[in-house]
Amino acid sequence: MFRSALYDAFMVPLEAMGIRKLRRAHIPEARGKVLELGAGTGANLGLYDFSQLASLTLSDLEISSLLKKRGEKAGAFLMAADVENLPFEDNTFDTVVFTLLFCSVPDPLRGLQEVRRVLRPGGRIIFLEHVLGCSSLTKKVQHAVTPVWRKMAGNCHLNRPTAEYIQTAGFTLDKYRQEGGCVLIGGIASIKEDSH
């Protein structure tokens, strides 16, 4: 999707539906050396507790002018990166943050495995995603609309079970919340101790 002020305006109703609540609940918990993937327009920047950050790297497939402006003002590093092939060494970051990203990643499991690779031992992810809903009616609507929506919205899938993908990639959900009739999720997850 477009990464501009128009995107922020488009997001206003969704923010009110629960995204903003999830952002406020989890983004301030980022610690240490932080990587935010799919940073978009920099919507999370005002929610970080910079006193707890050693550094902040913002990345997206392309760095928009709005993200560049907001990121530079916040003192963040900026880097264009594909989540399925991250240009970082193993065990680099203490926290990886992503919001509304894995709906559009072509291979979400591969992307999450890359996230796990760049996390240090004891590292955590902070996530916020829209996902497949809980009710059978919601699921039917999401499955029906997704083929058309993907074409209009940059491969965005309305019907992904992203919490399941996170666990399959070797993470344990430490904090987990649902909002908006359970089509929005947010939380914190850590690397499973027994996973390799």
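Under the 30°/60° scheme for interplanar angles, the aromatic rings of Phe93 and Phe88 are found to stand perpendicular.
Annotation: side chain of Ile19 is in contact with side chain of Leu128 (closest heavy-atom distance under 4.5 Å). Annotation: side chain of Phe98 is not in contact with side chain of Asn44 (no heavy-atom distance under 4.5 Å). Looking at heavy atoms from C-beta onward, Val115 lies in side-chain contact with Phe102 at the 4.5 angstrom threshold. You'll find the side chain of Phe171 stays beyond 4.5 Å of the side chain of Phe127, heavy atoms only. Residues Val145 and Asn159 have side chains not in contact (no heavy-atom distance under 4.5 Å, counting atoms from C-beta outward). Side-chain contact between Ile191 and Pro121 is absent, with no heavy-atom pair separated by less than 4.5 Å. Between Thr99 and Leu101 the shortest side-chain heavy-atom distance does not fall below 4.5 Å. Between Ser64 and Lys69, the closest side-chain pair of non-hydrogen atoms is not below 4.5 Å.
Glu114 contributes atom CD, which lies 9.0 Å from atom CD of Glu84 (distance to the nearest 0.5 angstrom). We find the CG-CG distance between Asn85 and Asp107 to be 12.0 Å, quoted to the nearest 0.5 Å. Rounding to the nearest 0.5 angstrom, the gap separating the CG atom in Leu112 from the OG1 atom in Thr168 is 9.0 Å. Taking CG of Leu22 as the start and CD1 of Ile126 as the end, the distance is 12.5 Å to the nearest 0.5 Å. Annotation: the span from Lys175 atom NZ to Leu173 atom CG amounts to 13.0 Å, rounded to 0.5 Å. Atom OG1 of Thr57 and atom CG of Leu86 lie 11.5 Å apart (nearest 0.5 Å).
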(Q) Run Ser104 and His157 through side chain to side chain contact (heavy atoms under 4.5 Å, CB included) and show every step you take. (A) CA-CA 6 Å; Ser104 59; His157 294 69; 5.9 Å; no
Q: Apply the test side chain to side chain contact (heavy atoms under 4.5 Å, CB included) to residues Leu35 and Val97: give CA-CA distance (whole Å), side-chain angles for both, the deciding distance (0.1 Å), then the verdict.
A: CA-CA 6 Å; Leu35 169 65; Val97 175; over 6 Å; no
(Q) Between Thr41 and Leu67, is the side chain to side chain contact (heavy atoms under 4.5 Å, CB included) condition met? List the steps. (A) CA-CA 5 Å; Thr41 62; Leu67 179 61; 5.8 Å; no
Q.
Arg160 vs Glu129, test: side chain to side chain contact (heavy atoms under 4.5 Å, CB included). Steps then yes/no.
A. CA-CA 9 Å; Arg160 282 196 170 158; Glu129 296 284 341; over 6 Å; no
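In terms of modelled atom types and a separation under 3.5 Å, the side chain of Arg23 and the main chain of Leu47 share no donor-acceptor contact. A donor-acceptor contact shorter than 3.5 Å is absent between the side chain of Asp60 and the backbone of Ile63. Judged purely by atom type and a 3.5 angstrom limit, Arg124 has no side-chain atom pairing as donor or acceptor with the backbone of Thr95. In terms of modelled atom types and a separation under 3.5 Å, the side chain of Gln178 and the main chain of Ile185 share no donor-acceptor contact. In this structure, Glu179 contributes its side chain and Leu184 its backbone to no donor-acceptor pair below 3.5 Å. The backbone N or O of Ile188 lies less than 3.5 Å from no partner atom in the side chain of Glu29, so there is not a single donor-acceptor pair. The backbone N or O of Ala163 sits less than 3.5 Å from a side-chain atom of Gln167, completing a donor-acceptor pair.
The two atoms that bring Cys156 and His130 nearest to each other are SG-NE2, 3.3 Å, heavy atoms only. Contact detail for Lys68 and Leu78: the closest heavy-atom pair is CA-CD2, 3.8 Å. Ala25 and Pro28 get closest at one heavy-atom pair: C-CD, 4.3 Å. What you find for Arg70 and Ala43 is that their closest heavy atoms are NH1-N, 4.4 Å. Of all heavy-atom pairs spanning Leu58 and Ala39, the tightest one is CB-CB, 4.0 Å. Pairing each heavy atom of Arg116 with each of Ala169, the nearest pair is CD-O, 2.9 Å.
Residues passing the side chain to side chain donor-acceptor pair (under 3.5 Å) test with Thr92: none are found, sequence neighbours excluded. Partners of Gln52 under the side chain to side chain contact (heavy atoms under 4.5 Å, CB included) rule, at least two apart in sequence or in another chain, are Arg31, Asp49.
By the 6.0 Å contact criterion, CZ on Phe77 is open, its count of non-hydrogen atoms from other residues, nucleotides or ligands being 12 or less.
Clustering ILVMFWY residues whenever any of their side-chain heavy atoms sit less than 4.5 angstrom apart, transitively, puts Val96 in a cluster other than the one holding Leu61. Grouping the Ile, Leu, Val, Met, Phe, Trp and Tyr side chains by contacts below 4.5 angstrom, directly or via other members, places Leu109 apart from Val105. One hydrophobic cluster, built from ILVMFWY side chains closer than 4.5 Å, holds both Met79 and Val118.
A salt bridge does not link Asp94 to Lys33: none of the charged nitrogens lies less than 4.0 Å from a carboxylate oxygen.
In this model, Cys134 has its SG atom within less than 2.5 Å of the SG atom of Cys182.
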